[in-house]
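This report concerns only the one structure given below.
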Amino acid sequence: MLTNSFTGETAELIIDGKGYRLPIIMGTEGERAIDIRLLRAQSGYVTLDSGYMNTGSCLSEITYLDGEKGILQYRGYSVEDLAEQCSFVEVAYLLVNGSLPTRDELKNFSHMLGKYALLHEDMVHFFDRFPPNAPPMSILSSMVNSLCTFYPEMVNNPLEKIDKMTARLISKVRTVAAFSYKKSMGHPLVYPRHDLSYCANFLNMMFDSPVNPYEVREEVVRALNKLLILHGDHEQNCSTSTVRLVGSARVNLYASISAGISALWGPMHGGANQAVVEMLEEIYLNGGDYKRYIERAKDSKDPFRLSGFGHRVYKTFDPRSKIIKQVCDEMLNALKLSDPLLDIAKEIERVVLKDEYFIERHLYPNVDFYSGIIYRAIGIPKNMYTVMFALGRLPGWIAHWKEMWDDPNWRIGRPRQIYTGPKLRPFVPIDQRSSA
Ligand code: CMC
């Protein structure tokens, strides 16, 4: 249950000479907010905040983020510690359940992930009907929504079955992702195995083949665990807010997550990891003149932006990008690979961090700037980078959906608006209308 955080203090808002006292609330890390829920009822005014630049939509105990200091914590643990010391499965458990698992809890959770890894065979046939070039993000959101048709018993009283639903989703989404890749290649499916860990299983389903057995390398498993952990949650971002908003209509978990996957797809959000590599490839193929792209990004008349830079909340380094850059270097070294795109990316970062345009606007590399280079080294195709983001973000989405569902102060999400269209006017019969 979410703890009440009223401080007892109030803020006074004066409109037309009349004062309205608004309660001040405070989070556990000292964040302060003004509760405006009763403002409209008291004054007739609503607040306007397009793009939610300064609006808190809920109380949440899952993730703490300080964008000025570059701090990110899941359930009170620093993301740096978690990435260094945990597996993705442990962190998924932490996000959804609120505490790190004991050995027995981890064993049980891992067992459930193994048990639910298979897809219903009827569902496997769905893949035959998607065109070969179908975007994997589209397949993923369709398949996740379809899970509801196979497990409808989960729709009523979902919190009773939340452990099962969590394991089902986290496990099956990985199988769906790997199968969509195999289908796009026209290759036989590789089924999940109980003897492999979460990430090793995913890599094996992606890359094992009857003619070329895949050797799961420890360095790659380690890198993938870290990447997924770093994507685990990021409080009220666009896709998570989507999951909460859709779920607030009391929609089942599968449909809510499916909507979140769709939101993540956009290049301003999770789709940026693919956009970064496409941008770096283009720079490379055009002779490596990255400075021209930096200049374009600064030109207010050119819509081009440097993908992988900037963030709504971080006004300093995104702590995830620092770790991902390090993982990228470590993994490429371990695999004895070099990638000219990584060299270009590092040059862009070096130049941009000294450039007044980016300094003034606090634009730093974000989580998506280096992650695609790691996926590329692993052999994951570009159109699946955002699927990888979704695999990592899934426990966060589930945790938020569960928190929202369980909140005694839950209300359906329903923003207001300021209407700016025409005033009431007389109806015009069709024969008397002229085109505008
Ligand atoms: N390249 C060039 N200029 C930029 C960039 C960029 N990547 N990002 C922001 N700006 C400029 C922008 O033009 C604006 O300039 P001005 O004040 O002169 O009009 C200023 O910086 C503020 O930008 P904004 O669009 O008001 O900022 P926002 O908080 O609404 O947008 C963002 C955040 C992430 C959408 C944006 O920085 C962006 O488009 N970045 C590129 C896409 C990207 O990497 N997205 C991944 C985000 S992190 C992971 C995730 O959320 O999934």
Side-chain angles (χ1 to χ4, degrees), residues 49-55 63 65 67-68 70 72 79 137 140 227-244 259-280 282-283 290-325 341 344-345 347-349 351-375 382 384-394 396-397 400:
D49 184 17
S50 312
Y52 308 115
M53 301 289 285
N54 191 35
T55 293
T63 287
L65 200 173
E68 267 72 37
L72 177 61
V79 78
M137 281 300 276
L140 190 68
L227 269 183
L228 296 184
I229 290 170
L230 294 169
H231 286 86
D233 191 45
H234 213 235
E235 48 118 302
Q236 309 308 322
N237 56 83
C238 179
S239 55
T240 305
S241 300
T242 301
V243 170
R244 277 187 175 259
I261 292 168
S262 299
L264 186 74
W265 197 356
M268 295 289 123
H269 191 12
N273 53 15
Q274 178 176 345
V276 169
V277 170
E278 284 167 351
M279 175 185 80
L280 296 173
E282 192 183 309
I283 296 173
Y290 62 88
K291 289 192 176 150
R292 191 162 66 81
Y293 287 78
I294 296 176
E295 289 311 309
R296 279 188 63 195
K298 289 157 55 175
D299 181 354
S300 60
K301 289 183 215 79
D302 188 333
F304 174 78
R305 283 185 169 196
L306 269 189
S307 294
F309 271 83
H311 198 278
R312 170 61 60 78
V313 185
Y314 291 119
K315 297 304 160 207
T316 180
F317 267 98
D318 179 337
R320 302 168 300 174
S321 79
K322 283 194 204 163
I323 308 175
I324 291 178
K325 184 179 179 189
L341 300 196
I344 295 173
E347 274 304 292
I348 292 177
E349 180 183 342
V351 171
V352 155
L353 290 181
K354 287 194 235 143
D355 189 301
E356 266 316 304
Y357 173 95
F358 292 87
I359 294 170
E360 266 172 26
R361 290 168 181 76
H362 308 287
L363 302 171
Y364 292 83
N366 60 46
V367 69
D368 294 312
F369 194 57
Y370 288 103
S371 60
I373 297 173
I374 304 181
Y375 298 137
K382 272 185 296 208
M384 280 197 62
Y385 294 175
T386 312
V387 169
M388 301 305 296
F389 194 147
L391 290 190
R393 185 53 53 88
L394 184 56
W397 287 333
H400 282 275

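Note that ligands are numbered from 1 as they come in the structure, with each ligand's atoms numbered from 1 the same way. Everything numeric in this text was worked out from a predicted model, so none of it was measured.
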**OP:** Around atom 42 (C) of ligand 1, find the nearest protein heavy atom and jot down its residue, atom name and distance.
**Re:** Pro267 O, 3.8 Å
Original post:
Any side-chain donor paired with an acceptor under 3.5 Å for Gln236 and Tyr52?
Top reply: no
Subject >> Residues Lys298 and Glu295 bridged, charged N to O under 4.0 Å >> reply: yes
Original post:
Less than 4.0 Å between atom 4 (C) of ligand 1 and some protein heavy atom, yes or no?
Top reply: yes
Original post:
Of the backbone atoms (N, CA, C, O) and the side-chain heavy atoms from C-beta on, which set of His311 has a member under 4.0 Å from an atom of ligand 1: side chain, backbone, both, or neither?
Top reply: both
Original post:
Would you call the rings of Phe389 and His269 parallel, tilted or perpendicular, where under 30° means parallel and over 60° means perpendicular?
Top reply: perpendicular
Original post:
Any protein heavy atom sitting closer than 4.0 Å to atom 21 (O) of ligand 1?
Top reply: yes
**OP:** Please identify which atoms of ligand 1 are closer than 4.0 Å to at least one heavy atom of Phe389.
**Re:** 52 (O)
Original post:
Heavy-atom distance to atom 47 (C) of ligand 1: which of Val352, Asn366, Val313, Asn237 wins?
Top reply: Asn366
Subject >> Distance-only side-chain donor-acceptor flag, Ser321 / Asn366, under 3.5 Å >> reply: no
Original post:
Taking heavy atoms and a distance under 4.0 Å, where does Leu363 meet ligand 1: side chain, backbone, both or neither?
Top reply: side chain
**OP:** List the atom of Thr242, the atom of Ala263, and the distance in Å for their closest heavy-atom pair.
**Re:** OG1-CB, 3.5 Å
**OP:** Answer with side chain, backbone, both or neither: which part of Val367 has a heavy atom less than 4.0 angstrom from an atom of ligand 1?
**Re:** side chain
Original post:
Is the shortest distance from a Lys or Arg side-chain nitrogen in Lys291 or Glu347 to a carboxylate oxygen in the other one below 4.0 Å?
Top reply: no
Subject >> Donor-acceptor pair between Tyr314 and Glu68 side chains, under 3.5 angstrom >> reply: no
Original post:
Quick one: which of Arg296, Arg312, His231, Arg305 has a heavy atom closest to atom 23 (O) of ligand 1?
Top reply: Arg305
**OP:** Determine, using ring centers only, whether Phe309 and Phe369 are less than 6.0 Å apart.
**Re:** yes
**OP:** Answer yes or no: is there a side-chain heavy-atom contact under 4.5 Å between Trp397 and Ile261?
**Re:** yes
Original post:
Does Arg361 make a cation-pi contact with Tyr357, if we ask for NZ or CZ under 6.0 Å from the ring centre and within 45° of the axis?
Top reply: yes
Original post:
At what distance is the nearest protein heavy atom to atom 2 (C) of ligand 1, and which residue and atom is it?
Top reply: Ala297 O, 3.7 Å
Subject >> atom 41 (C) of ligand 1 [closest protein heavy-atom partner, distance rounded to 0.1 Å] >> reply: Phe309 O, 3.4 Å
Original post:
Does any N or O atom in Tyr357 lie less than 3.5 angstrom from one in ligand 1, N or O only?
Top reply: yes
Original post:
Starting from atom 52 (O) of ligand 1, which protein heavy atom do you reach first, and at what distance in Å?
Top reply: His269 ND1, 2.6 Å
Subject >> Contacting atoms of ligand 1, where contact means under 4.0 angstrom from a heavy atom of Ala272 >> reply: 43 (C), 44 (O), 45 (N), 46 (C)
Original post:
Can you tell which part of Arg361 has a heavy atom less than 4.0 Å from ligand 1: side chain, backbone, both or neither?
Top reply: side chain
Original post:
Mind checking what makes side chain to side chain donor-acceptor pair (under 3.5 Å) contact with Thr63, not counting sequence neighbours?
Top reply: Asp233
**OP:** If you have a sec, work out which protein heavy atom is nearest atom 34 (C) of ligand 1 and how many Å separate them, to one decimal?
**Re:** Gly310 O, 3.7 Å
Subject >> Residues Asn273 and Thr386: side-chain donor-acceptor under 3.5 angstrom >> reply: yes
Original post:
Measuring to protein heavy atoms, does anything land under 4.0 Å from atom 27 (O) of ligand 1?
Top reply: no
**OP:** Please report which non-hydrogen protein atom sits nearest to atom 7 (N) of ligand 1, along with the residue it belongs to and the distance in Å to one decimal place.
**Re:** Leu306 O, 2.7 Å
**OP:** Identify the protein heavy atom lying closest to atom 49 (C) of ligand 1, giving its residue, its atom name and the separation to 0.1 Å.
**Re:** Asp368 OD2, 3.2 Å
**OP:** Considering the heavy atoms of Gly308, write down every atom of ligand 1 situated less than 4.0 Å from one of them.
**Re:** 43 (C), 44 (O)
Original post:
Is there side-chain contact between Leu363 and Val352, with at least one heavy-atom pair below 4.5 Å?
Top reply: no
Original post:
Of the protein's non-hydrogen atoms, which lies at the shortest distance from atom 45 (N) of ligand 1, and what is that distance?
Top reply: Met268 O, 2.9 Å
**OP:** Give the atoms of ligand 1, by number and element, whose distance to some non-hydrogen atom of Gly270 is under 4.0 Å.
**Re:** 52 (O)
